[in-house]
There are 2 protein chains.
Amino acid sequence: MNSTSDEIKDDYNFISEALIDIYDQIMRIEESEIRKSRFKDITAKELHLIHTIGLHDRKTTSEVSRVLKLSKGTLTANLNNLEKKGYIIRMINQQDRRIINLGLTSKGRLLYRAHYAFHRQLVESCLKEFDGSDIRKMRQALVNVEKFIDEVSSK
Amino acid sequence: MNSTSDEIKDDYNFISEALIDIYDQIMRIEESEIRKSRFKDITAKELHLIHTIGLHDRKTTSEVSRVLKLSKGTLTANLNNLEKKGYIIRMINQQDRRIINLGLTSKGRLLYRAHYAFHRQLVESCLKEFDGSDIRKMRQALVNVEKFIDEVSSK
DNA sequence: TAAAATAGTTTGAAATTCAAACTATTTTGG
DNA sequence: CCAAAATAGTTTGAATTTCAAACTATTTTA
């Protein structure tokens, strides 16, 4: 297919606008879907934190606060909430007892998987009409976004 | 190109993970880029509000609070801040004097355009290696995301 | 034209965030 | 070896953000 540079500009505009609006909607819908399930006490932010803690990584509090760009104090408060609600556990690291390793409880792992499944469903439903080569290109476009973000952050 | 169903699954996983992580990073980088410019007093949330108010729409407070899913009280507080900082103006609607129409000041319009330009730059930089037909497909994928969100929200 | 409805603001309470001070532990270097 | 410095995480107090409910002003309804 041939495209004029005007058509491409128009697509760029459309894609820019769509991107600006979509983030927020996805966050909101994630939260509202999760709240319809058995996990009624979870906010979008907590979902994000659960995802960052991950299934098997045993990350430390410092690592997580660095990744999420939250102060250590804020993270401590968030972890207290999730611990009270039974989603995470703190494990004192026996090699270095200053360090707390974070893990998900079985309830936390269920939530992690439900969240992930929802995302997968979104991706599958939106890409099902495309073939393998198209999907590879979409993947590359996302890699490019990450590259762009890295370049801008480090300049 | 042929792709096995395993390769496609792997791409889906990659795309899911990338999507989950990317939102947050874009929000943050948007804020930090804007703060490097003359707009040092603006947060990511305020940027989002400025974008929603838009260049020429004269939206009402209620419309904006519905779109952003903020309570009317919260929006009033946010608008007070942006008004104090000189980015927006409130205009009493002369047909119905209960209604406030919102507009951007010239400073607000400058900020709107700077924000939009940054997004355009991101999109252009990430899509420059693709041809018109590829870009049309990416656009379609975003339309699908919006469709998916609408379906899930309305069910 | 009085009552109901609507648009937006104010209010007070709860939640979230941050930076700085603090506690506990480990590492460093004299 | 041990005191000082560094590090990991928590606590604290203040600032900010958010919400729902009560409120004010205006318009619509019946």
Side-chain angles (χ1 to χ4, degrees), chain A residues 24 27-28 30-32 34-35 39-53 57-85 87-104, chain B residues 23-24 27-28 30-32 34-35 39-53 57-85 87-103:
Chain A
D24 222 55
M27 291 289 271
R28 194 142 43 221
E30 260 179 23
E31 178 175 302
S32 76
I34 279 297
R35 278 164 166 283
F39 307 108
K40 302 196 192 313
D41 56 357
I42 287 293
T43 64
K45 273 176 192 168
E46 288 174 325
L47 213 43
H48 198 56
L49 175 49
I50 296 272
H51 182 82
T52 303
I53 290 172
D57 302 344
R58 307 218 153 199
K59 294 199 177 77
T60 67
T61 299
S62 297
E63 284 175 306
V64 171
S65 78
R66 192 160 1 92
V67 170
L68 295 181
K69 262 106 179 169
L70 293 175
S71 73
K72 295 193 299 176
T74 299
L75 188 59
T76 293
N78 293 173
L79 292 173
N80 289 342
N81 291 339
L82 284 177
E83 196 177 41
K84 246 178 283 164
K85 296 192 237 176
Y87 291 95
I88 66 140
I89 43 169
R90 289 169 155 112
M91 293 163 289
I92 295 175
N93 182 311
Q94 290 307 329
Q95 274 66 56
D96 181 343
R97 303 210 328 284
R98 291 170 301 183
I99 294 175
I100 304 280
N101 290 109
L102 299 171
L104 300 181
Chain B
Y23 312 140
D24 224 53
M27 291 289 271
R28 195 144 40 223
E30 258 177 26
E31 178 174 303
S32 77
I34 279 297
R35 279 164 166 282
F39 307 108
K40 302 197 191 313
D41 55 357
I42 287 294
T43 65
K45 274 177 192 166
E46 288 174 323
L47 213 42
H48 198 56
L49 175 49
I50 297 271
H51 183 81
T52 303
I53 290 173
D57 302 344
R58 308 217 151 201
K59 294 198 179 77
T60 67
T61 300
S62 296
E63 283 176 307
V64 171
S65 77
R66 192 161 0 91
V67 170
L68 295 181
K69 263 104 179 171
L70 293 174
S71 73
K72 295 192 300 175
T74 299
L75 188 58
T76 294
N78 293 173
L79 292 173
N80 289 343
N81 291 339
L82 284 177
E83 196 177 41
K84 244 179 285 163
K85 296 192 237 176
Y87 291 95
I88 66 141
I89 41 170
R90 289 170 156 112
M91 292 164 290
I92 295 176
N93 182 311
Q94 290 308 328
Q95 274 67 55
D96 180 344
R97 301 206 336 281
R98 291 170 301 183
I99 294 176
I100 303 279
N101 289 111
L102 299 171

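The analysis underlying the following values was restricted to heavy atoms, covering all of them including side chains, and did not include hydrogens, waters or symmetry mates.
Residues passing the side chain to side chain donor-acceptor pair (under 3.5 Å) test with Thr76(A), sequence neighbours excluded: none. Every residue two or more places apart in sequence or in another chain that forms a side chain to side chain donor-acceptor pair (under 3.5 Å) with Asp24(B) is listed here: Arg28(B). Taking the side chain to side chain donor-acceptor pair (under 3.5 Å) definition, one finds that Asn80(B) meets it with Arg90(B), sequence neighbours left out. Scored by the side chain to side chain donor-acceptor pair (under 3.5 Å) test, His51(B) finds Glu17(A) as partners (sequence neighbours excluded).
Neither OP1 nor OP2 of dA8(D) sits under 4.0 Å from any side-chain N or O of Thr60(A). Close to dG9(D), at under 4.0 Å from its OP1 or OP2, lies a side-chain N or O of Ser62(A).
In this structure, CD of Glu63(B) is placed 10 Å from P of dA7(C), rounded to the nearest angstrom. With rounding to whole Å, Ile53(B) atom CD1 is found 14 Å from dG8(C) atom C1'. Rounding to whole angstrom units, CG of residue Leu102(B) and P of dG8(C) are separated by 8 Å. As a whole-Å value, the separation of Ile100(A) CD1 from dT7(D) P is 18 Å.
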If you look only at distance, which donor and acceptor atoms sit under 3.5 Å apart when one is on a side chain in residues 67-75 of chain A and the other is two or more places apart or in another chain?
| residue | atom | partner | partner atom | Å |
| --- | --- | --- | --- | --- |
| Ser71(A) | OG | Thr74(A) | N | 3.1 |
| Ser71(A) | OG | Thr74(A) | OG1 | 2.9 |

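Across all strands shown, dC23(D) forms a Watson-Crick or G-U wobble pair with dG8(C), both key distances being under 3.5 Å.
Residue Lys45(B) forms a side-chain contact (heavy atoms from CB on, under 4.5 Å) with just one option from Thr43(B), Ile42(B), Leu47(B), Leu49(B), and that option is Thr43(B).
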With B for base contact, S for sugar-phosphate-only contact and - for none (protein heavy atoms under 4.0 Å), nucleotides 11-30 of chain D reads B-----SSB-----BBS---

